[in-house]
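Everything below concerns the one structure shown next.
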Amino acid sequence: MAATCLVIYGLWQLAAVLYGVLPFHFAKYFVIVAAVSGVFHFCLRRINSTLSHRELLTILLLFTIVLAITFQLLFIPDVFETSGRSAQYYLVAATAFNFFWLLWGYALQLVGSVRKSNVIALALVLVVAALILGALDGSVVLQYRRFSDNIAGEFDLSHLTIGESTYLLLVASYALASGWAQPLIFCVTLPILFALGGRADVGIYVVSIVSYEWLRGAHGSKLIHVMIALALAIGVFASLPSSVLEDAGIARMIFVGGLGEDTSYAARHTFLIEDITSLPGQVPAGDVTQLVRYRGGVGTYIHNLLSAWQFYGLPAFALIVYLLLSNMGRIRRLARNAMDALGPFGVLVFLSAIVGAIVAKSVTHHILWLALGYCAGSVPFREAADRARYVRNVVPGGTA
């Protein structure tokens, strides 16, 4: 169910936003259903067994975050953005949805064996490509203002609206593929991510794929294929005529004016420099209202994992960092020894969360919570460890 919800959720959002054929807000129920399945399986598995070390730490993280939010609600006066949105309401709502994603990740690692299939992988990526290509209307990057009528109510559409769910579909496609299909899917995915308009997602995807292939000990030819595809993509954009580069969407995606002229980069740099000095005052439980008081909007947080400190304080931030770092060894073993598609998917989600948390994504990044939930479990990691042990002890000259 959790894996099925992942595919339906991503395709539903694309169809709802780009074509208006489905109710957009209904998509969140697939996240909730997947999260409920995670809770059910967790309770079912714990009837006759004790909690693992990582499950206990994950529960401790959730408890710490709940305490931090409670502290803010009780002792810090709420403030409102110019739009009228409450800073503390945003904190509670965003955190609740993050918890759903964590439970979804836990449910995913319990799915069981998911067989690799180049046919399914190619079909998935081609469906995504077709949906996006049909909505481009002659442009190279989606113009989200054109789709505002497809969403009921006041809702600012951007690449953030469908970026994460589509990214997960593309990662799932790569994980399902094998052999010759993986470089092909990589080549198709790059223009899809470019068309979505999320610059960070393009970089995160490339770094995650290359890191995954390196972790799994891929032959040099596989990495060469990936790098050739990346070089070709760069070459295509470098050869574009100046008339094409004048398109606002393309110019923004490839930093035509340089980093110094990019308003988004400049704003994020400002947030980082200014907010680091205020972190010592947010050690106990964080303070999202400070973002509104200083800059008028709760979205002006630091765009990396330090935002967890701003939202929930130092204890929660430290727990998230520990959980990510402590799972790196397990992720490496999973990358090298997974036999089905679920292992590579979990590895790619984890790597995407790590890269995003370092360079561009905040604690509200749902893929981060999906990775934390996936790594709280043990099923794919135990299976990978069993295979590594078999290779090491039974296969002549085997290493894992």
Side-chain angles (χ1 to χ4, degrees), residues 1-14 16 22-47 49 51-52 54-70 89-112 114 160-169 171-172 175 308 311-312 316 319-320 323-324 327 341-342 345-346 348-350 352-353 356-357 361-381:
M1 179 180 291
T4 303
C5 285
L6 180 77
V7 176
I8 297 176
Y9 176 71
L11 295 178
W12 188 289
Q13 283 207 314
L14 283 173
L22 295 170
F24 172 75
H25 294 288
F26 190 83
K28 64 178 178 289
Y29 294 112
F30 293 107
V31 181
I32 296 173
V33 168
V36 170
S37 73
V39 173
F40 174 77
H41 285 293
F42 174 80
C43 296
L44 190 65
R45 292 172 63 84
R46 293 306 150 209
I47 292 176
S49 61
L51 294 171
S52 69
R54 285 181 175 80
E55 287 172 335
L56 284 171
L57 284 176
T58 303
I59 292 173
L60 177 61
L61 170 64
L62 301 184
F63 182 70
T64 302
I65 289 174
V66 170
L67 283 181
I69 293 175
T70 302
Y89 171 81
Y90 172 85
L91 174 67
V92 173
T95 302
F97 207 52
N98 288 339
F99 284 5
F100 282 131
W101 277 81
L102 183 143
L103 293 170
W104 192 358
Y106 187 84
L108 278 171
Q109 57 90 30
L110 294 170
V111 166
V114 179
L160 300 176
T161 310
I162 57 177
E164 286 182 337
S165 57
T166 307
Y167 183 94
L168 289 171
L169 290 178
V171 165
F311 274 59
Y312 310 122
L319 276 171
I320 293 174
L323 285 170
L324 292 174
N327 278 296
L342 185 62
F345 177 78
L348 287 170
V349 166
F350 180 86
S352 299
K361 300 295 185 178
S362 73
V363 73
T364 61
H365 189 211
H366 296 141
I367 292 176
L368 169 66
W369 295 92
L370 193 73
L372 289 172
Y374 186 94
C375 291
S378 59
V379 175
F381 301 98

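Counting from 1, the numbers follow the sequence of the chain as shown.
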ask   = In Å and rounded to the nearest 0.5 Å, what is the CG to CZ distance from L6 to F30?
value = 12.0 Å
request  = Could you pull out the closest heavy-atom pair between V33 and C5, with the gap in Å?
outcome  = CG1-SG, 4.1 Å
key: Derivation and outcome, side chain to side chain donor-acceptor pair (under 3.5 Å), residues T58 and Y106   = CA-CA 11 Å; T58 303; Y106 187 84; over 6 Å; no
query = Between atom CG of L56 and atom CZ of R54, what is the distance when rounded to the nearest 0.5 Å?
reply = 11.5 Å
query = So how far is it from H365 NE2 to L370 CG, rounded to the nearest 0.5 Å?
reply = 9.5 Å
query = So which heavy atom on I162 is nearest to which on Q13, and how close?
reply = CG2-O, 3.9 Å
query = Under 4.5 Å between any side-chain heavy atoms of F63 and L319, yes or no?
reply = no
Non-hydrogen side-chain atoms of V66 and T70 separated by less than 4.5 Å = yes
request  = Give me the ring orientation class for Y9 and W101: parallel if the planes are under 30° apart, tilted from 30 to 60°, perpendicular past 60°.
outcome  = perpendicular
request  = Apply side chain to side chain contact (heavy atoms under 4.5 Å, CB included) to I320 and V363, showing your working.
outcome  = CA-CA 10 Å; I320 293 174; V363 73; 4.3 Å; yes
remark   = CZ of F97 to CH2 of W104, rounded to nearest 0.5 Å, is 8.0 Å
key: Distance-minimising heavy-atom pair for A34 and A107   = O-CB, 3.7 Å
request  = State, yes or no, whether a side-chain contact exists between L342 and Y374 at a heavy-atom distance under 4.5 Å.
outcome  = yes
note = Scanning both residues in full, the closest heavy-atom pair of F24 with A16 reads CA-CB, 3.6 Å
task = Give the C-alpha distance, both sets of side-chain angles, the deciding distance and a yes or no for side chain to side chain contact (heavy atoms under 4.5 Å, CB included) between L368 and L324.
result = CA-CA 9 Å; L368 169 66; L324 292 174; 4.1 Å; yes
Test item: L62 and L102 side chains (from C-beta on) under 4.5 Å apart, heavy atoms = yes
message = Check whether W12 reaches the backbone of P23 with its side chain - one donor and one acceptor, N or O, closer than 3.5 Å.
response = yes
query = For the atom pair CG (N98) and CG (L103), what is the distance rounded to the nearest 0.5 Å?
reply = 11.0 Å
message = Quick check: do L108 and F345 have side-chain heavy atoms less than 4.5 Å from each other?
response = yes
inquiry  = Would you compute the distance between atom CG of L160 and atom NE2 of H366 and round it to the nearest 0.5 angstrom?
reply    = 10.5 Å
note = Checking L61, L91, T64 against Y312 for side chain to side chain contact (heavy atoms under 4.5 Å, CB included), the one that qualifies is L91
